[in-house]
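Since the structure comes first, as structure tokens, the remarks are kept for the end.
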Amino acid sequence: MKTATVPASPLEARARALGFSGLLAHWEEIANAPWLETVIGYEEEERARKSLERRVANAKIGAFKPMADFDWQWPTKIDRELIEELFALEFLKEAGNVILAGPNGTGKTMIAKNLAHQAVLRGHTVRFLTASELLNDLVGQESASALTRRLRHYLRPSLLVIDEVGYLAASTRHADLLFEIVSRRYEQKSIILTTNKPFREWNEVFPSAGCVVT
């Protein structure tokens with residue numbers, strides 16, 4: 001029977017998490033060294049910094065104004081309490097989805113970008129892009145295998161933000177690909193979607209698409 005090695009201290013557990021095999025091989029000799037916790041702390045901080053940089057770069061959120069600048073008086077109807085509640089990011093724990101619907105210029109993208117940024121800061125992987133960017137990318141794949149790989153790319157992040165659904169009419173192919181993304185992520189990972197169209201008009205955005213029910 002194999003027995004697992006249990007770290008003797010929280011500091012040793014941190015060293016194991018970092019993969020410091022050299023230090024661990026001599027742990028009994030250095031466990032009480034005054035510099036040990038400082039060295040481990042430096043490495044943890046540097047890895048956290050690099051991890052954040054990678055997540056920010058991969059998210060491709062772009063420039064945005066902070067929520068402190070949001071004009072809550074401009075949208076004539078907005079549930080401020082609900083929007084602020086979203087920033088707790090509880091929906092990510094539940095693989096829940098968020099739809100921000102409303103007329104042009106009411107701050108949907110600003111809210112979505114701030115939510116995406118908060119998710120990145122809290123350790124989540126995120127990808128932000130417009131619906132046209134997403135769907136044109138998928139439609140442009142030259143083979144079924146390439147499309148499958150690209151679909152996996154959009155299934156990977158903890159949070160996928162699809163901005164501006166409904167601004168341009170799309171083909172049945174576009175609609176089916178969007179449905180494919182949504183259905184594969186459903187109850188697995190979260191989506192934030194912004195749209196200027198009420199649900200009753202989605203059949204105009206995706207004409208003749210079997211995945212749209214009104």
Side-chain angles (χ1 to χ4, degrees), residues 4-27 30-31 33-70 83-98 100 108-131 133-134 137-138 146 148-164 181-182 184-194:
T5 301
V6 179
S9 69
L11 192 61
E12 184 179 352
R14 289 164 63 187
R16 289 188 183 281
L18 293 169
F20 279 175
S21 56
L23 292 181
L24 291 166
H26 299 276
W27 192 258
I30 64 170
W35 49 264
L36 181 58
E37 185 167 9
T38 300
V39 169
I40 289 176
Y42 284 159
E43 184 67 19
E44 288 171 335
E45 290 174 6
E46 182 63 12
R47 292 193 189 188
R49 184 187 66 80
K50 289 183 177 179
S51 176
L52 177 58
E53 286 182 351
R54 284 193 299 271
R55 294 196 309 277
V56 169
N58 292 336
K60 301 185 184 300
I61 298 171
F64 62 95
K65 292 181 180 180
M67 286 303 294
D69 294 341
F70 189 83
I83 295 296
E84 291 178 339
E85 184 180 315
L86 289 174
F87 281 89
L89 302 182
E90 289 297 316
F91 68 94
L92 289 178
K93 298 178 183 178
E94 303 165 358
N97 300 316
V98 175
L100 301 170
K108 301 183 299 296
T109 297
M110 180 177 176
I111 294 170
K113 286 193 171 189
N114 275 274
L115 285 168
H117 185 244
Q118 283 300 311
V120 169
L121 293 180
R122 297 188 203 180
H124 298 281
T125 53
V126 176
R127 181 69 169 91
F128 184 103
L129 74 172
T130 65
E133 289 171 335
L134 170 67
D137 182 24
L138 294 175
T148 298
R149 287 193 298 271
R150 204 59 184 161
L151 283 169
R152 290 198 195 105
H153 172 75
Y154 292 117
L155 298 176
R156 198 170 298 128
S158 300
L159 174 62
L160 178 66
V161 184
I162 308 175
D163 195 27
E164 300 181 352
I181 290 287
V182 171
R184 289 196 186 193
R185 292 183 63 93
Y186 181 65
E187 295 186 341
Q188 301 296 320
K189 295 180 180 178
S190 295
I191 293 175
I192 294 176
L193 184 151
T194 76

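The residues of the chain are indexed from 1 along the displayed sequence.
The two residues L92 and S158 have their closest heavy-atom pair at CD2-O, 4.3 Å. Across A119 and L159, no two heavy atoms sit closer than the pair CB-CD2, 4.0 Å. What you find for T125 and P157 is that their closest heavy atoms are OG1-CA, 3.4 Å. Across R127 and N58, no two heavy atoms sit closer than the pair CD-O, 3.5 Å. Of all the heavy atoms in V120 and A59, the pair that sits closest is CG2-CB, 4.0 Å. Here the closest non-hydrogen pair linking L86 and F91 is O-CE2, 3.6 Å.
At most 12 non-hydrogen atoms from other residues, nucleotides or ligands lie less than 6.0 angstrom from CD of E37. Within 6.0 Å of CZ in F87 there are more than 12 heavy atoms belonging to other residues, nucleotides or ligands.
Between D163 and T109, the side chains place a donor N or O and an acceptor N or O closer than 3.5 Å (distance only, hydrogens not considered). Checked by atom type, the side-chain pair S51/R55 shows a donor-acceptor distance below 3.5 Å. No hydrogens or angles considered: nothing links the side chains of Y186 and N97 as a donor-acceptor pair under 3.5 Å.
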**Asked** E90 and K93: salt bridge (Lys or Arg N to Asp or Glu O under 4.0 Å), yes or no, with the steps?
**Response** CA-CA 5 Å; E90 289 297 316; K93 298 178 183 178; 3.1 Å; yes
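Considering only heavy atoms from C-beta on, I40 comes within 4.5 Å of L11 through its side chain. Side-chain contact between V161 and L129 is absent, with no heavy atoms from C-beta onward closer than 4.5 Å. Looking at R185 and I181, their side chains come closer than 4.5 Å, going by heavy atoms from C-beta outward.
Salt bridge R49/E46: present, at least one basic N to carboxylate O contact under 4.0 Å.
With F70 as the aromatic partner, K65 does not meet the cation-pi criteria of under 6.0 angstrom to the ring centre and within 45 degrees of the ring axis.
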